[in-house]
Amino acid sequence: MFCVVIFALLNPTPYCRGFRSTGFLMLDIQLLRSQLDAVAQRLAARNFSLDVTAFQSMEDERKQLQTRTQDLQSKRNSLSKQIGALRGKGEDVSGVMAEVAGIGDELKASEERLAALQIKLNDFLSRIPNLPCDGVPVGKDETGNVEVRRWGSPREFGFEVRDHVDVGAALGLDFDTGAKLSGARFTFMRGAVASMHRAIAQLMLDMQTREHGYTECYTPYIVNPEVLYGTGQLPKFAEDMFRVERGGEGSQTQYLISTSEISLTNMVRESILKADELPLKLTAHSPCFRSEAGSYGRDTRGMIRQHQFDKVEMVRITKPEDSYDALEEMVVNAEAVLQRLELPYRVVALCTGDMGFGSAKTYDLEVWLPAQKAYREISSVSNCESFQARRMQARYKSEAGKNEFVHTLNGSGLAVGRTLVAILENYQQADGSVIVPAALRPYMGGIEVLRPSA
RNA sequence: GGAGAGGUGGCAGAGUGGUCGAAUGUACCUGACUCGAAAUCAGGCGUAGGUGCAAGCCUACCGUGGGUUCGAAUCCCACCCUCUCCGCCA
């Protein structure tokens, strides 16, 4: 509804500019060629059925076409050189000219067929999700997720618990104005709630930078399509994005970021890093824009699921051998925020069927929402291994002097809007006021309680 | 928005149709000399793909995309980006 995908259809691989070969895929093409059935089997665990026959036939054709094309190119090159040499000596070239002319048509046709096939092959490959890491629980959907640990225990309320919509209404949380300006799933905040929203983001950013060693970043919120290709939003998930165009005509379509994972991770696209530059630990507070296509009717009440929300994001770029340690650390980095805010939560290992497109292993953090009597996602931390790095062409020069793909990880640390929701619900009092968590008070001029204004 | 300059290997910088994947300098690596280092000398040093057991051979890449040509870093067109000046603007 928001972002109908005509883009990918009209223009199969615009984000592939600069990459001519099949070498820039999501999965290692060599792996696919050599262990096709095994790969298909692992992908099946995440509900993706790989069309093995289609791939095989495209590969066979590619191989044959490429060999033939390069053969003809080689022939043309050597004949052309002969022409130059003969001309230099003032000799007759008409014989060679005739010979090379004979190659022309076939070469051109062959090149065109190969180019078309490469586009088709790339498009096919770019829609294949990452392979799940060994040890990820196998499961069809979220019911297959596995709880890893819990922290804190839900508070006992001596009164009827209200949800954040009701609690927030008197504190400046205004869905009507949001809807008036922009439609459903937009929120307008004023006063105490707006202030707390900012305080939450500040606290998170300060913790990630000062306590956990991340470098603070400020990034563009509008990015080019190839950037989204790099992190895996395109080509498959265009309908989840907001597209923007500049005033005036003829401008390239760009996209609003749906998470600053996109802009942070792509910082290293198309580059070869030095080994001693790694790991990179980046963080940013940014708005996120999501069309939420396909989620009609889900979480319609309140600000759980919004078209625009803020998030403090963590990204790490690591050497391959370090990425799984980094993943565990990032989960701890995210947990630290919930602990500081004294919000009960649990850590869940996502099963194969519930993981995101680019992830090899994901942990979700779920915060307790008393009004829903449920744990709800507030952070998601993923190791994408080399999946995004391949798409971005992000490499580093290893100690052995070889260029290898880096590993990329991302995680929310945390989602600001949902944290606000959790605070309003968990810290509410019978009189409609909300206690300000101690950790936020320095960011709110020392205020201890938010009281309904009218 | 207007006018101009420019985008070539890690960096600097040649190259305006024919052995140019690209001179030269510099950085880096290896070796020689040295007790060691510096200096000097010799050699090496881009990325990706195809093919082959391998040595190797082949193909593509000089901002991006297209065109002209037997042949393009070099000529033509479009676009992107950078810099300088003017205008506008938070």
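The chains referred to below are lettered A, B, ... by the order of the sequence lines, with proteins before strands, and numbering in each begins at 1.
Here the P atom of nucleotide C70(B) and the CG atom of Leu72(A) are 17 Å apart, to the nearest Å. Atoms CG (Asp60(A)) and P (G50(B)) sit 14 Å apart, rounded to a whole Å. When rounded to the nearest whole Å, the span between CD of Gln73(A) and P of C61(B) equals 8 Å. When rounded to the nearest whole Å, the span between CD of Gln118(A) and P of U59(B) equals 17 Å. Atom CD in Glu226(A) sits about 18 Å away from atom P in G63(B), given to the nearest Å. Whole-Å rounding puts the Tyr396(A) OH to U47(B) P distance at 15 Å. Between Asn403(A) atom CG and G49(B) atom P the separation is 11 Å, expressed in whole Å. We find that CZ of Phe405(A) is positioned 11 Å from C1' of U47(B), with the value rounded to whole Å.
When the C1' atom is used for both G10(B) and G66(B), the distance is 31 Å, rounded to whole Å. Taking atom C1' in both A73(B) and C62(B), one finds a spacing of 5 Å when rounded to whole Å. A90(B) and G49(B) have their C1' atoms separated by 49 Å, with the value rounded to a whole Å. With both ends at atom P, the span from C83(B) to C29(B) equals 33 Å, rounded to whole Å. Look at the P atom in both U47(B) and A23(B): the space between them is 16 Å, to the nearest Å. Nucleotides U68(B) and U74(B) are separated by 13 Å at their C1' atoms, to the nearest Å. Only the P atoms considered, G4(B) is 15 Å distant from C79(B), to the nearest whole Å. When the C1' atom is compared between C28(B) and G17(B), the two are found 35 Å apart, to the nearest whole Å.
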Protein-nucleotides 51-57 of chain B N/O pairs closer than 3.5 Å?
from   : atom 1 : to       : atom 2 : distance (Å)
U51(B) : OP1    : Lys63(A) : NZ     : 3.4

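Aromatic ring centres of Phe289(A) and Tyr221(A): separated by at least 6.0 Å. No close placement of the Tyr324(A) and His407(A) rings is indicated, their centers lying 6.0 Å or farther apart.
Taking every heavy atom of residues 76-97 of chain A and every atom of RNA chain B, pairs under 4.0 Å involve Arg76(A), Asn77(A), Ser80(A), Ile83(A), Gly84(A), Arg87(A), Met97(A), by number.
In this structure, Phe357(A) and Phe387(A) have perpendicular ring planes: the angle between them is above 60°, well past the 30° mark.
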Report all side-chain donor-acceptor pairs from residues 108-116 of chain A shorter than 3.5 Å, counting only partners two or more places apart or in another chain.
from      : atom 1 : to       : atom 2 : distance (Å)
Ser110(A) : OG     : Thr69(A) : OG1    : 2.7
Glu111(A) : OE2    : Gln73(A) : NE2    : 3.0

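Cation-pi geometry between Arg391(A) and Tyr229(A) is satisfied (NZ or CZ under 6.0 Å from the ring centre, within 45° of the ring normal).
Of the nucleotides present, A5(B) is the one that pairs with U82(B) by Watson-Crick or G-U wobble criteria, both distances under 3.5 Å. Under the Watson-Crick or G-U wobble criterion, with both distances below 3.5 Å, C11(B) is paired with G25(B). Look at G87(B): it lacks any Watson-Crick or wobble partner with both distances under 3.5 angstrom. C33(B) makes up no base pair with any nucleotide shown, lacking Watson-Crick or G-U wobble contacts both under 3.5 Å. The partner of A73(B) cannot be assigned: no Watson-Crick or G-U wobble pair with both contacts below 3.5 Å exists in any strand. G52(B) is unpaired under the criterion used here, namely a Watson-Crick or G-U wobble arrangement in which both key atom distances are under 3.5 Å.
Checked for salt-bridge contact, Glu106(A) and Arg68(A) meet the test: a charged N lies under 4.0 Å from a carboxylate O.
The main-chain N or O of His212(A) is found under 3.5 Å from a side-chain atom of Lys281(A) such that the two form a donor-acceptor pair. The backbone N or O of Glu292(A) lies less than 3.5 Å from a partner atom in the side chain of Ser295(A), making a donor-acceptor pair.
Taking 3.5 Å as the limit, the base of G49(B) and the side chain of Gln70(A) contain a donor-acceptor pair of atoms between them.
Residue whose closest nucleotide on RNA chain B sits further toward the 5' end, between Lys397(A) and Asp71(A): Lys397(A).
Counting any heavy atom pair closer than 4.0 Å across all strands shown, Arg68(A) reaches no nucleic acid atom.
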